[in-house]
Amino acid sequence: MNARKGFTLAGVMGWPVSHSRSPRLHGHWIAELGLQGTYVPLPVPPGRVGEAVRGLRALGFAGCNVTIPHKVAVMEHLDEIDPMARQIGAVNTIVVTEDGRLVGRNTDGEGWLRGLRDAQPGWRAEAGPAVVLGAGGAARAVTAALAAAGAPAIRIVNRTREKADALAASLGGVATGHGWAEREALLDGAALLVNTTSQGMKGQPPLDIALERLPRAAVVSDVVYTPLETPLLAAARARGNPTSDGLGMLLNQARPAFAAWFGVEPEVTAELRALMAEGL
Ligand code: ATR
């Protein structure tokens, strides 16, 4: 019944997908743990997502990651969506169960949070308000994780105000939506600042924000990992704020997915961080 017994197949579905670092990451764990299996790029053009998702079962895949632009499109082709993926509104991990059901999960939020806790073990969600810049897919993952972790207030700030308001409303009373002009005033009393916009990424201008009003004990987190130290993180570090970079999210979102497919919880070591940071 189980076509994959003895050899585990997994991969990452996206378009394009050749730039993805996930095969290197999962390949490292497969080799390190001495497992029988492989993790391959799965380039799937838009419009063929349904065929590809249904094909996972026929091909004997244990599951796959899902990346841009398919994280929302895959959802209608799955048998089940877990509550966190439903809250985020996107799927980054598909697990094919023993009985052939396709289950959608989203590990981006828990991965981001685990990366933050690894980098700054002293940080507590309850410590104070969190300011989240951006209201796209990454912001949905980060805010869902913050709400689940018990953040007392989540201030969502976005260039397009309506998207911030809609995301805040989907999280219930814990979150508020704000326009971009408010971003610096909202740093007053914050315990955490997270950038989920594309600003600061290689090829993009730096994030336009002055940190003067941010308490020095506040942790600054960036989901951008190219470069590893974004201008935001450099500015935060220069004034003494603790920081957490985007590589932590990339590495830690992969752990629960790997565990679901291969049945072993992998480790994020300093060696793995260095391997994955090459060329960033
Ligand atoms: P992702 O899935 O990575 O979160 P996304 O859904 O495209 O990507 O979201 C990108 C985020 O970056 C959005 O919040 C976007 O703001 P808008 O909703 O107004 O588009 C934000 N963003 C992009 N360019 C920006 C800029 N120049 N200044 C501020 N925010 C920007």
Side-chain angles (χ1 to χ4, degrees), residues 12-17 19-22 46 49 65-75 84-93 104-113 115-116 130-147 154-171 175-187 192-211 220-228 230-233 235 244-254 280:
V12 53
M13 194 180 287
W15 185 264
V17 79
H19 65 281
S20 171
R21 284 175 183 253
S22 292
V49 168
N65 283 126
V66 183
T67 189
I68 292 166
H70 300 322
K71 287 186 173 187
V72 176
V74 294
M75 294 176 81
M84 182 53 92
R86 203 164 281 294
Q87 170 65 43
I88 295 170
V91 160
N92 81 332
T93 302
R105 297 176 52 180
N106 195 314
T107 64
D108 284 337
E110 63 183 283
W112 166 77
L113 191 60
L116 177 69
V131 177
V132 177
L133 304 175
R140 288 202 301 274
V142 164
T143 54
L146 280 173
I154 305 171
R155 303 167 178 169
I156 303 168
V157 192
N158 197 45
R159 182 178 60 176
T160 308
R161 168 76 193 258
E162 299 72 46
K163 281 174 65 183
D165 289 339
L167 176 55
S170 80
L171 290 159
T176 48
H178 305 269
W180 198 238
E182 290 180 69
R183 66 195 179 285
E184 286 161 5
L186 289 165
L187 299 178
L192 176 70
L193 169 64
V194 191
N195 175 49
T196 74
T197 78
S198 48
Q199 300 297 281
M201 197 181 284
K202 269 181 196 161
Q204 298 276 339
L207 185 71
D208 175 21
I209 189 167
L211 299 180
V220 179
S221 159
D222 207 326
V223 305
V224 171
Y225 60 86
T226 52
L228 206 49
T230 60
L232 171 68
L233 293 182
S244 173
D245 66 45
L247 189 55
M249 177 177 186
L250 176 70
L251 298 174
N252 285 288
Q253 60 77 30
L280 291 181

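Remember, it's 1-based here, ligands and their atoms both numbered in the order they're listed.
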Point to revise | Partners passing side-chain hydrogen bond (donor to acceptor under 3.5 Å, both in side chains) against Gln204 (at least two apart in sequence or in another chain) | key: Gln199
Give the residue, atom name and distance (to 0.1 Å) of the protein heavy atom nearest [atom].
atom                    : value
atom 24 (N) of ligand 1 : Arg159 NH1, 3.4 Å
atom 4 (O) of ligand 1  : Ala138 N, 2.9 Å
atom 19 (O) of ligand 1 : Thr160 OG1, 2.5 Å
atom 5 (P) of ligand 1  : Gly136 CA, 4.1 Å

Student check: side-chain heavy atoms of [X] and [Y] closer than 4.5 Å:
X      : Y      : value
Thr93  : Asn65  : yes
Leu211 : Leu193 : yes
Asn195 : Thr230 : no

**Study point:** atom 10 (C) of ligand 1 protein-contacted (non-hydrogen atom, under 4.0 angstrom)
**Key:** no
**Study point:** Any protein heavy atom < 4.0 Å from atom 2 (O) of ligand 1
**Key:** yes
In ligand 1, which numbered atoms sit nearer than 4.0 Å to a non-hydrogen atom of [X]?
X      : value
Gly134 : 14 (O)
Trp180 : 29 (C)
Ser198 : 12 (O), 23 (C), 24 (N)

**Study point:** All salt bridge (Lys or Arg N to Asp or Glu O under 4.0 Å) counterparts of Arg161, not counting sequence neighbours
**Key:** Asp165, Glu182
Review point. Does an N or O anywhere in Ala139 fall below 3.5 Å from an N or O of ligand 1?
Key: no
Exercise for review: May I ask you to check if ligand 1 and Gly137 share an N or O to N or O distance below 3.5 Å?
Suggested key: yes
Practice item. Output yes when Arg140 and Asp108 qualify as a salt bridge under the 4.0 Å nitrogen-oxygen rule, no when they do not. Key: no
Exercise for review: Indicate, as side chain, backbone, both or neither, the part of Asn158 found under 4.0 angstrom from ligand 1 when only non-hydrogen atoms are considered.
Suggested key: side chain
**Study point:** Under-4.0 Å heavy-atom contact with ligand 1, by part of Lys163 that carries it
**Key:** side chain
Exercise for review: To the nearest 0.5 Å, tell me how far His178 NE2 sits from Arg183 CZ.
Suggested key: 14.0 Å
Exercise for review: Without swapping roles, check the side chain of Asp222 against the backbone of Asp245 for a donor-acceptor pair under 3.5 Å.
Suggested key: no
Revision key, fill the gap. Of Leu232, Val131, Val157, the one forming a side chain to side chain contact (heavy atoms under 4.5 Å, CB included) with Ile209 is Leu232
